[in-house]
Amino acid sequence: MSWIGKSPNRKEDVRLIRGQGYFVDDKQDYGLLHLHLVRSPYAHAHIINVDVAAAEALPGVICTLTGAEVKELMPESFMELGPEPAANIQDYPMAVGKVIFQGEPVAAVVAETPALAADGGALVDVDYDMLDAVITAEQAMEDEEVLHESAGTNKTWQGVYEYGEVDAAFDEAATVVKIDRMHFHRFASTPVENNAVVAEWKRHGELDFFCNNSFVGFAQQLLAPALGVSVDQMHIKTHDIGGSFGNKISNYTQMAIAALASRKAGGRPVKWAETRTEHLLSSGHGNERTFLDTEVALDKNGVITAVRSRHIDDCGAYPRYEPLGCVIWSQVLPATYGVRNFRIDFSQAVTNKCPAVPNRGYSRMQHLWFMERIIDICAHKLDIPADEMRLRNYITEFPYTTPNGCVYDSGNYPAMLEKAKELIGWDDWKKKQADARAEGRLLGIGIGTTLDSGTNNFGQARIMNPHLPFSGNSEVATIRIDLQGSVIVTLGSGPSGQSHETTTAQVVAEELGINPDLVRVRSGFDTGWNTFVGHSGSYASQFAVTGLSAVHGACEKLKAEMRRLAAFILEASEEDLEFGIGEEGPQLSVKGTDQAVNYWYMGNLVNNDNAVLAGELGDVTLNIRHVYRPPFTVPDVERKYGNLTLTYAAQLHIAVIEIDRDFGHPRILAYAAVDDCGTVINPKIVGGQVHGATAHGIGAAIMETFQYDETGNLLTSSFSDYCPITSMNMPDVQYGSIQTPSPFSYSGAKGMGEGGGAPLHTVSAAVQDALITEGIIVTDSHHSVTSVFELLRSKDESSGVQVDKR
Amino acid sequence: MSEDIDKVSIQITINGQHYKRDVEPRLLLVQFIREELGLTGTHIGCDVTYCGACTLLVDGKPVKSCTMLAVQADGCEIHTVEGLEQDGELHPLQKAFSENHGLQCGYCTPGMLMSSMALLAENPDPSPDEIRKGISGNLCRCTGYNNIIKSIQAAAKEMAG
Ligand code: FES
Ligand code: FES
């Protein structure tokens with residue numbers, strides 16, 4: 001039987017439903033110490049003095065660390081990915097001399113128990129001299145207050161993405177729509193498990209980490225030079241990770257603090273387990289984007305011919321990984337539409353806010369939201385129905401090369417729209433909407449089409465900084481038949497809830513003709529397995545392509561070895577052998593006979609009993625390490641042109657929202673989500689990812705926001721204020737899927753999981769549709785009761801949108 | 001600081017096992033269970049009683065164990081996720097969560113399961129809306145809740161026989 005397209009129960013569940021998962025904070029160790037971070041209450045301030053004497057005098061406190069000391073102990077500051085002058089930013093995991101955001105660590109206390117470490121923290125006395133805070137990227141770009149003297153400017157990146165004949169398209173346009181300003185708000189997926197790490201810098205120089213970093217391949221390259229060790233001296237492990245959604249890519253900074261603390265504590269293991277408030281304050285927010293002076297050219301049929309616009313990202317206090325966001329959006333430059341002419345002036349600046357980090361839908365979601373807002377605003381202004389507007393503009397031929405050289409592998413957006421309409425009961429809702437409007441109620445129906453581009457070409461990093469030594473992509477899997485005949489697989493992905501153990505077992509079972517229960521997939525990540533490359537991790541919607549292609553390739557090599565070995569043992573020809581399960585378990589047999597050899601026999605022969613083997617089988621180890629590399633080339637950095645991602649999964653959502661006229665409360669009455677991620681390996685798991693991404697998007701659209709006051713004080717720094725979406729706010733999702741197999745992956749699968757922020761586009765579209773009767777244009781992505789109430793109150797007919805019909 | 005704190009002797013039954021320990025009065029119940037007893041199935045996800053990752057049953061009632069002191073649980077009978085499986089038989093809720101993909105990373109799952117236990121004990125046949133209310137104090141960032149609601153419905157059906 002085939003295991004692809006089936007939904008066997010998850011391997012991960014066996015431990016997780018019993019409370020037997022192994023998360024970082026679960027680790028207990030002999031001699032384990034606990035680390036508490038003292039954090040700045042101010043967003044921008046000089047540090048005059050840090051006094052740790054009282055803390056060190058507290059019995060049970062082992063040692064402390066200050067920013068100045070951390071700087072001493074680190075041979076160099078963390079690498080910033082951006083080009084100069086941003087590359088000159090001194091980035092230490094603890095503030096040195098100056099704090100740049102509220103919650104930035106200024107000291108650490110290491111003690112025998114977590115409570116004692118916190119007691120010690122309360123005794124650390126820090127003198128600050130407060131400075132004016134810079135809160136928006138636009139304000140930051142003026143450079144009146146420069147945050148990082150080492151860079152000399154707050155501007156961390158600028159570049160123009162120009163394709164086609166933009167000005168000519170505007171000259172020929174039948175209509176030009178101008179939108180002064182749009183804004184995509186700051187939020188994060190805030191996994192339920194906080195960041196955590198146990199570091200042990202052994203006296204003989206080896207450095208062990210048990211952590212929940214979700215992109216270890218990359219983290220180790222940042223940690224090694226900053227800590228003055230080789231990559232090989234660091235032994236990094238993960239096991240169960242309680243969600244990441246990109247956010248845990250950035251916890252390498254705290255890993256470094258824990259490592260330095262362990263070294264100072266004489267090599268004892270040190271645990272740092274973040275609190276939720278620390279997480280919200282300081283562990284990373286999704287990037288906030290402002291879109292200025294947008295102009296859209298349309299022909300007489302409402303087909304968009306060109307877009308020019310100016311976009312500014314706010315990357316928070318330290319750019320770190322984030323300038324990549326200045327390029328990653330261009331994976332989906334035209335979104336799902338056939339626009340050929342673009343000029344986007346993109347810049348980024350630092351502010352006195354929490355550093356930005358990758359967050360589910362990273363950088364593409366902001367741009368896709370922008371394109372969807374354009375579609376809806378133009379549709380409303382030109383009086384074209386929103387569905388019709390999309391059908392006139394969708395890309396319909398695949399593979400499709402975008403103006404900047406990305407290749408959309410496959411898709412069928414009109415079919416998705418059709419399906420989503422069916423699921424939601426479109427015609428029915430249209431009637432209800434007409435009735436509601438007649439009664440003066442505000443009912444809106446919104447469509448959001450989005451892309452979930454997966455499997456990055458890291459060469460796009462060079463568009464951001466030509467000096468970066470990154471390109472392509474890769475992932476590793478190892479598979480072996482061990483000496484008991486068991487099938488053992490290790491992965492480089494280090495997942496955080498994406499069911500990699502299960503889908504891996506399905507692929508292996510499929511290849512070997514066995515069942516997934518007979519495949520042991522090790523949990524987590526471990527550098528000691530030698531199953532990693534620089535790209536290893538779980539991010540950017542890619543496992544179904546990179547990870548499973550590595551597993552598949554490893555299986556093929558293993559099978560070749562097994563065939564040679566079995567042919568020798570059974571004295572048969574390789575062509576006559578078949579894989580399957582016999583009375584003695586998994587085996588190879590000679591077709592049409594009862595001759596067979598099982599895995600135990602083969603595993604034992606190779607590992608214990610090899611003198612009986614023929615000389616020409618000397619290279620057979622039944623232990624395979626396979627690296628999958630997608631077929632990428634280095635993009636043209638000058639033209640900002642090239643294929644930046646391998647696969648393009650798509651999502652199409654429709655929401656029906658009613659807005660309470662008096663209070664602004666947006667209530668979701670119906671919600672449909674249609675997904676296309678090519679060939680589906682496991683429908684239950686894909687459905688789970690779609691639901692999860694939908695919840696994140698709806699939560700972000702109607703509830704969650706990181707809101708700062710003008711002093712850089714975060715107003716939503718606890719879950720009670722930030723209010724992640726709960727079961728009470730999550731609608732029933734009518735879920736459907738179509739499959740347009742990718743021609744670029746071995747299985748036809750496309751990476752998926754991030755979801756492209758579809759609910760943000762969809763909710764904005766529905767809110768827009770509900771409020772259009774009031775003459776309101778939606779130009780912000782956050783639609784909480786308060787924001788919608790404000791919108792209703794400040795009813796502004798012009799809304800910063802002008803239509804110029806020629 | 002801590003030296004000045006007199007420890008208090010408490011006795012607690014957890015999943016049928018009796019424990020007697022001396023604890024600092026400020027120790028949270030969740031810390032006691034995780035750190036002193038090593039029962040790490042009960043998780044911590046916040047500091048304001050919002051996420052429910054720490055939910056367990058105290059004398060049959062669902063309690064967020066991050067918001068209760070260990071000394072307050074003196075003399076109480078507690079059930080945690082580790083006690084759900086009986087004699088090698090999974091609880092119908094555990095089975096239903098797995099079969100309906102009611103968990104992904106599994107971090108919220110122990111708390112979800114314990115809240116669901118309490119819900120079904122009180123209301124063996126809850127409507128979807130009643131389930132939503134029953135788990136409204138439990139945050140899940142992975143599943144989007146739809147499959148959790150399905151899981152609880154399936155378990156209720158199974159338990160009704
Ligand atoms: S840890 Fe969040 S409610 Fe207890
Ligand atoms: S399964 Fe991950 S938080 Fe619920």
Side-chain angles (χ1 to χ4, degrees), chain A residues 7 9-10 12-23 25-26 28 58-60 113-116 119 189-194 240-243 245 273 275-277 496-499 684-685 687-696 718-720 723-728 730 732-733 735, chain B residues 1-3 24 26-27 31 34-35 38-51 53 80-82 84-85 90-91 93-95 97-111 113 128 131-149:
Chain A
S7 300
N9 276 355
R10 296 197 320 153
E12 295 84 350
D13 291 352
V14 174
R15 59 182 185 278
L16 295 173
I17 53 167
R18 290 178 166 87
Q20 292 169 349
Y22 185 34
F23 298 91
D25 194 24
D26 297 343
Q28 298 288 352
L58 185 72
T113 69
L116 278 172
D119 288 346
S189 296
T190 65
V192 184
E193 182 203 28
N194 286 301
D240 290 310
I241 300 182
F245 319 112
T275 66
R276 177 56 56 184
T277 298
S496 40
Q498 302 91 336
S499 319
K684 223 197 260 180
I685 290 170
Q689 290 293 321
V690 171
H691 277 91
T694 303
H696 275 168
S718 83
F719 263 175
S720 314
C723 295
I725 189 165
T726 70
S727 56
M728 301 303 285
M730 180 65 193
D732 256 330
V733 175
Y735 166 58
Chain B
M1 282 189 188
S2 67
E3 286 175 318
E24 282 188 19
R26 65 174 171 173
L27 190 71
Q31 293 168 328
R34 290 177 51 80
E35 286 155 28
L39 292 169
T40 53
T42 304
H43 297 148
I44 300 173
C46 75
D47 36 23
V48 290
T49 325
Y50 189 96
C51 77
T80 69
V81 65
E82 286 94 343
L84 285 180
E85 188 178 9
L90 288 175
H91 190 278
L93 273 166
Q94 292 174 301
K95 269 191 241 162
F97 267 68
S98 182
E99 277 158 18
N100 294 283
H101 197 24
L103 67 153
Q104 291 180 25
C105 78
Y107 197 78
C108 71
T109 311
L113 287 169
I131 295 177
R132 282 176 187 275
K133 280 203 190 93
I135 58 164
S136 62
N138 290 79
L139 196 62
C140 175
R141 277 313 226 175
C142 299
T143 64
Y145 303 105
N146 285 208
N147 282 345
I148 292 181
I149 296 163

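Excluded from the calculations below are hydrogen atoms, water molecules and symmetry mates; all remaining heavy atoms, backbone and side chain alike, are included. By convention in this document, chain letters (A, B, ...) are assigned in the order of the sequence lines, proteins followed by strands, and residues within each chain are numbered from 1.
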Engaged part of A/Ser499 at the chain B interface, taking heavy atoms whose separation is under 4.5 Å: side chain
Identified side chain to side chain contact (heavy atoms under 4.5 Å, CB included) counterpart of A/Arg18 within the set B/His91, B/Glu82, B/Gln94: B/Gln94
Chain A contact via B/Glu35 - side chain, backbone, both or neither, heavy atoms under 4.5 Å: both
Contact winner vs chain A - B/Leu84, B/Val48, B/Leu39, heavy-atom pairs under 4.5 Å: B/Val48
Rounded distance (nearest 0.5 Å) linking atom CG of B/Leu103 with atom CG of A/Asp13: 4.0 Å
When B/Ile135, B/Asn147, B/Thr49 are compared by non-hydrogen pairs under 4.5 Å with chain A, the top option: B/Ile135
Contact check, side chains of A/Phe719 and B/Leu139, non-hydrogen atoms, under 4.5 Å: yes
A/Phe23 portion near chain B, given a 4.5 angstrom heavy-atom threshold: side chain
Residue pair B/Arg141 / A/Glu193, side-chain heavy-atom distance below 4.5 Å: no
Proximal component of A/Gln498, with respect to chain B [non-hydrogen, under 4.5 Å]: neither
Residue pair B/Tyr50 / A/Ser718, side-chain heavy-atom distance below 4.5 Å: no
Part of A/Thr190 within contact of chain B (heavy atom distance under 4.5 Å): both
Beyond-backbone contact of A/Asp732 with B/Arg132, side-chain heavy atoms, under 4.5 angstrom: yes
Part of A/Pro191 within contact of chain B (heavy atom distance under 4.5 Å): backbone
Inter-residue atom distance B/Tyr107.OH - A/Asn194.CG, 0.5 Å rounding: 7.0 Å
Region of B/His101 in contact with chain A, defined by heavy-atom distances below 4.5 Å: both
Between B/Asp47, B/Leu113, B/Leu93, the one whose heavy-atom pairs under 4.5 Å with chain A are most numerous: B/Asp47
pair A/Lys684-B/Asn100: side-chain heavy atoms closer than 4.5 Å: no
Residue part contacting chain B, namely of A/Phe245, when any heavy atom lies under 4.5 Å: side chain
B/Leu90 versus chain A, the contacting section by heavy-atom distance below 4.5 Å: side chain
Interface residue of largest heavy-atom contact number with chain A, from B/Gly134, B/Cys142, B/Gly41, B/Cys108, under 4.5 Å: B/Cys142
Straight-line distance of B/Thr143 OG1 to A/His691 NE2, nearest 0.5 Å: 9.0 Å
Expected output: side-chain A/Asp240 to main-chain B/Gly106 donor-acceptor under 3.5 Å: no
Atom pair NZ/CD1 of B/Lys95 and A/Ile17 - distance to nearest 0.5 Å: 9.5 Å
Part of A/Ser189 lying under 4.5 Å from any heavy atom of chain B: backbone
